[in-house]
There are 2 protein chains.
Amino acid sequence: MPRIRNKELRKFEKSLPIALLRAREATTRLFKPFIENHDLTMPQWRVLRALAEADALDAKTLAERCVILPPSLTRIFRSLTLRGLIAQVECNDARRHMVRLTDNGRALFEEVVQESEPSYLQLADAFGADRLDTLLDLLNDLRNTVQTMGDTDDQAPPLRKVAGGR
Amino acid sequence: MPRIRNKELRKFEKSLPIALLRAREATTRLFKPFIENHDLTMPQWRVLRALAEADALDAKTLAERCVILPPSLTRIFRSLTLRGLIAQVECNDARRHMVRLTDNGRALFEEVVQESEPSYLQLADAFGADRLDTLLDLLNDLRNTVQTMGDTDDQAPPLRKVAGGR
DNA sequence: TATTGTTATACTCTATAACTATA
DNA sequence: TATAGTTATAGAGTATAACAATA
């Protein structure tokens, strides 16, 4: 059983959220210029990226996959639609807002990918491809672990609506 | 030489920033309630946490360590000072704004740590303490790698002021 | 002249509640 | 009645430029 000592635990406890934040900040700083050069925000880019790998997606799926709240997604839909990068597609369930990339949207996506590829290659070389794989696995597992915890155990306060009137 | 195939690379390329975002989102969701229960925002909490591990720090160091921009930090200083959680300390260099935790600030910090400890323990048990160590190492190395890249190579667009008038 | 921090300002994201439409 | 999404709204973070004070 991997029972850890209180002292070590405390050290990790405090640094995990920060380590994630700082790693993300550095990664973002590296790639954001390529995205902003095309007048896209990071959340908008996540939506394009998610759509590039799936034919069409509804708002709920996109919100979960891209970590974007529904109200933000509504605005992003409006903005990307105005720019002709995405388009709504018909759906059996009329409640669902399903969208796909337009040809222009896909072209823009490919352009950004191509322009940022040298930086990706450079990072992969410098960091090590195998370690990157390991890191990705751990990140995804961490997320799954936390979500499982939320389902089963509830000694923690409720995950929503805690701050009250702020 | 760890030269990776284009296809695999592409797969990773697109998912690293998202994996970091989602892992952070999950971790935040787990611990945020404990912080918000004491009417603290996450950036405010990072400042308290950084100060808890160092006697006193100046704004520049805190900004870098907590990933907070100077203007935000100014507001956070004001807010935490008003609440009596931090206090300014004298400094040789009169330009520097150095702060430390007050007794109340330290007490609040300890309270939050204590309240969230069960969740930390649960996560460490579920995920594995050794894997958490590995993850932390990789995250910190990733950040260092990216920063080193920024120093040496500059085929990428400048890291600041790219979006122009937006 | 360079550095530190604050102010001013604009924009976006975050978050929740309330509402509409569909199932 | 439950679900999907939009609207409204408040608040906080993000980002930059311009300025003040100190070194």
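We name chains A, B, ... by the order of the sequence lines, and we start the count at 1 in each one.
- Between W45(A) and F109(A), the ring planes are parallel. Angles under 30° get that label, and only those over 60° would be called perpendicular.
- Contact of the L85(B) side chain with the L101(B) side chain is not registered, since no non-hydrogen atoms from C-beta on lie closer than 4.5 Å.
- Using a 4.0 Å heavy-atom cutoff across all strands shown, P71(B) reaches at least one base atom of the nucleic acid.
- The separation between E64(A) atom CD and dA4(D) atom C1' is 15 Å, rounded to whole Å.
- The two atoms that bring N104(A) and G84(A) nearest to each other are CB-O, 3.7 Å, heavy atoms only.
- Q147(A) places a side-chain heavy atom less than 4.5 Å from the side chain of R29(B).
- Distance from the side chain of T41(B) is smallest to dG13(D) among dG13(D), dT6(D), dT22(C).
- One atom, CZ of R75(A), and another, C1' of dG5(D), lie 14 Å apart when rounded to the nearest Å.
- OP1 or OP2 of dT14(D) has not a single side-chain nitrogen or oxygen of K32(A) nearer than 4.0 Å.
- Axis angle, first five pairs versus last five pairs of the helix from dG5(C)-dC19(D) to dA23(C)-dT1(D): 10°, rounded to 10°.
- Nearer to the 5' terminus of DNA chain D, by closest-nucleotide assignment, is the contact made by P70(A) (compared with the other of P70(A) and L21(A)).
- Checked by atom type, the side-chain pair T81(A)/Q88(A) shows no donor-acceptor distance below 3.5 Å.
- We find that D93(A) and R95(A) are joined by a salt bridge, their nearest charged nitrogen and carboxylate oxygen being less than 4.0 Å apart.
- Phosphate proximity of dT7(C) to R78(B): present, with a side-chain N or O under 4.0 Å from OP1 or OP2.
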Please list, pair by pair, any protein nitrogen or oxygen found under 3.5 Å from a nitrogen or oxygen in nucleotides 1-4 of chain C.
unit_1	atom_1	unit_2	atom_2	d
dT3(C)	O2	R95(B)	NH1	3.0
dT4(C)	OP1	K60(B)	NZ	3.4
dT4(C)	OP1	R96(B)	NH2	3.2
dT4(C)	OP2	K60(B)	NZ	2.6

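- Residues N92(A) and P43(A) both approach DNA chain C. Their nearest nucleotides, taken by heavy-atom distance, put P43(A) toward the 5′ side.
- Rounded to whole Å, the distance from CG on L69(A) to C1' on dT9(D) is 14 Å.
- Heavy atoms from other residues, nucleotides or ligands lying under 6.0 Å from CZ of R100(A) number more than 12.
- Comparing dT7(D), dT7(C), dA15(D) by their nearest atom to the side chain of T74(B) picks out dT7(C).
- How far CZ of R46(A) is from CG of L21(B): 4.5 Å, rounded to the nearest 0.5 Å.
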